[in-house]
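Report on one structure; see the data block that follows.
Just so it is clear: chains get the letters A, B, ... in the order the sequence lines come, proteins before strands, and each one is counted from 1.
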Amino acid sequence: MIHLQNIEKVYRTDTVETQALNAINLEVAKGEFLSIMGPSGCGKSTLLNIMGLLDEPTSGSIRIADSTADRLSDKQLAHFRNRTIGFIFQSYHLINDLRVLDNVELPLLYRKSTAKERKELALEALEKVGLSNRTKHFPTQLSGGQKQRVAIARAIVGKPNIILADEPTGNLDSAMGNDVMDILVRLNKDEGTTIVMVTHDENMARKTHRLVRLFDGSQVQ
Amino acid sequence: MLMHLFTLIWNKKKQHSLVILEMIISFMVLFAVFTLIVYYFTNYRKPMGFRYDNVLSVSISLPPGSTANKDSAAQVMQTLKRTVLALPEVKGMSYVSSNSPFSMNTSNNVINHNNQEVMAMYYTVDDAYPQVLGVKMLEGRWFNATDAHAKEPPVVINETLKENFFPGENAVGKILKMGDEPHRITGVVQTLKDKGDYVASKAGTYKRAGDDAPLWLSRILISYDLNTDAGFEGRLFKTFSSVLKTSSIEIEYLTKKRVSTNSVSLIPMILLLVVGGFLIINVALGIFGVLWYSVNKRRAEIGLRRAVGASGSGISGQIVSETLVLSTFALLIGVFFAIQFPLLNLFNMPSGVYITAIVLSVLFIYILVVICAFYPGRQAAQIYPAVALHED
Ligand SMILES: Nc1ncnc2c1ncn2[C@@H]1O[C@H](COP(=O)(O)OP(=O)(O)O)[C@@H](O)[C@H]1O
Ligand SMILES: [Mg+2]
């Protein structure tokens, strides 16, 4: 599903040059649930962003869902992300001025769809994360666990093949974290969604199929 | 997407209330500016109704006591007319009241017909007036010596007054009460724009100056041959002073008076334009600043939208559209207030002027807003999604 070959990422600013990723080779199979661990600043988010085509590697090549990512225009990249990838972030990134239902519908606004279709799909996604009774709330009226479940609903509403989750339980206590983790595991099992998850938590990582460890931008395991 | 933006703006209406208020105020000022411009322009396009390019206005002030003997004074006035008309360059001469074309003087009178009252401009002029100014008769004729002993004194009215009292009818022969005195209409003249190009002409009546009128009518209009040489003014002055035995004579060209009258009527518009201009700059900077601030505050949201499928141009389009939606909120409120002017017929202006001004103000605000949103929108499009999602 995801093929990374010799990925290297260097951040250059006026004064410093940071080697964020170095010679990463990684294959993620279709239907796999992969977790990535490593100390803070070792390049996990960078790797996930590159997989999600939000960021370009300095060198190396990426193939995702059988299409080569280089040479895609900005519009094509946007379209590709919209169709293929769902993102989940540690800090949820919900839009506070939109109600839960509108937040979940967001990805569908960037593809052809009717208001009715959007509502149906969003309700379906909210059902899956157990938040059907919170559709009219604003994000600020929700707990952290609920927010992350809304974010998951938003990630799955467009039925993407791949979900990229960057420390999805990082801001949650263990009970809420486990709820979120259960949803991801079920999603992977029931729908066959390929999931790549960055985590700090060994317990969470243990629930996935495979674990990759990064250290200082390099793959150590 | 549009519905989505409406929802977004609606949910943020409190945050935006100040900008919306600012937009409403600038819309109202624009509305005032455009109303004035449209009004002036409509007036400007109306026919002048008379010739001024070959006409001089002469003001005389007779020495005190010189009119004590009415008969001899009338004699002097007749001599003056004969002498002036004898000048080869002079084509016509008319004694008129001081509210002559492009003068600051006005005189009003209440006109009555069938219990309907109209406040109308009141001119006193002699029989030569239409010939000197080349006015256009629309109905009937100008008064002349045959009207001197009519049962009701003659009066000529302008088209504006006719539309007031006799729309679609023939006005000639009808009786008007000027004050309490009945007058018979002999003709209808095309309305003269005698307060300048930009000022709407009001209803007006022309009363016949009798033979003794030159004694108290201190202004004289003279039409002359345009091919005349520069010495004409001097010869005219000499003719006047030698007959009247006074040198307090002022000769002015109507062409010049028109220019200065026009400048005076443009002053309020220029003032309003300056005030409006400053306000618009202020609002433009305000909108620009708010957008700039909001784009920077919403970096994470923009990053997220990029992640879920928005392209860079989609983001800048969103910023521009959001601003258009925001201004639509403001314009709906603004138009609601502006539309009261034609509905309640405030300031007695044609409703077409108000409607045109509303349309122009709406367009102006929209264009202004798009211009202001363009750069912040482009800036938003360039936000790097990975970076924006990273920072918190
Ligand atoms: N936009 C950026 N500009 C410069 N350096 C960056 C940028 N993003 C990340 N880095 C650096 O790259 C390294 C990896 O960062 P990141 O992928 O966020 O680590 P992690 O997610 O594992 O904590 C860090 O040293 C970080 O400081
Ligand atoms: Mg990280």
Exercise. Can you tell which part of A/R111 gets under 4.5 Å to a heavy atom of chain B, answering side chain, backbone, both or neither?
Key: neither
Quiz item: Hey, would you say the B/F337 and B/F31 ring centroids sit under 6.0 Å apart?
Solution: no
Self-check item: Toward chain B, the part of A/F80 with a non-hydrogen atom under 4.5 Å
Solution: neither
Exercise. May I ask you to decide if the ring planes of A/F89 and A/H93 are parallel, tilted or perpendicular, using 30° and 60° as cut-offs?
Key: perpendicular
Quiz prompt | Choice from B/M3, B/K12, B/Q15 maximising heavy atom contacts with chain A below 4.5 Å | solution = B/K12
Quiz item: Does one side chain, of A/R81 or A/Y110, offer a donor that lies under 3.5 Å from an acceptor on the other?
Solution: no
Quiz item: When heavy-atom pairs shorter than 4.5 Å are enumerated against chain B, which of A/I50, A/L54, A/I85 gives the highest number?
Solution: A/L54
Quiz item: Any chance the rings of B/F6 and B/F329 have centres within less than 6.0 Å?
Solution: yes
Quiz item: Taking every heavy-atom pair that is under 4.5 Å apart, which of B/V308, B/L8, B/T7 has the most such pairs with chain A?
Solution: B/V308
Quiz item: So, A/D216 side chain and A/C42 main chain: donor-acceptor pair closer than 3.5 Å or not?
Solution: no
Quiz item: Heavy-atom count around A/R63 CZ within 6.0 Å, excluding the residue itself: above 12?
Solution: no
Practice problem: Name the region of A/L98, side chain, backbone, both or neither, that has any atom closer than 4.5 Å to a heavy atom of chain B. | Solution: both
Quiz item: Which answer fits A/D97, side chain, backbone, both or neither, if we ask what part of it has an atom under 4.5 Å from a heavy atom of chain B?
Solution: both
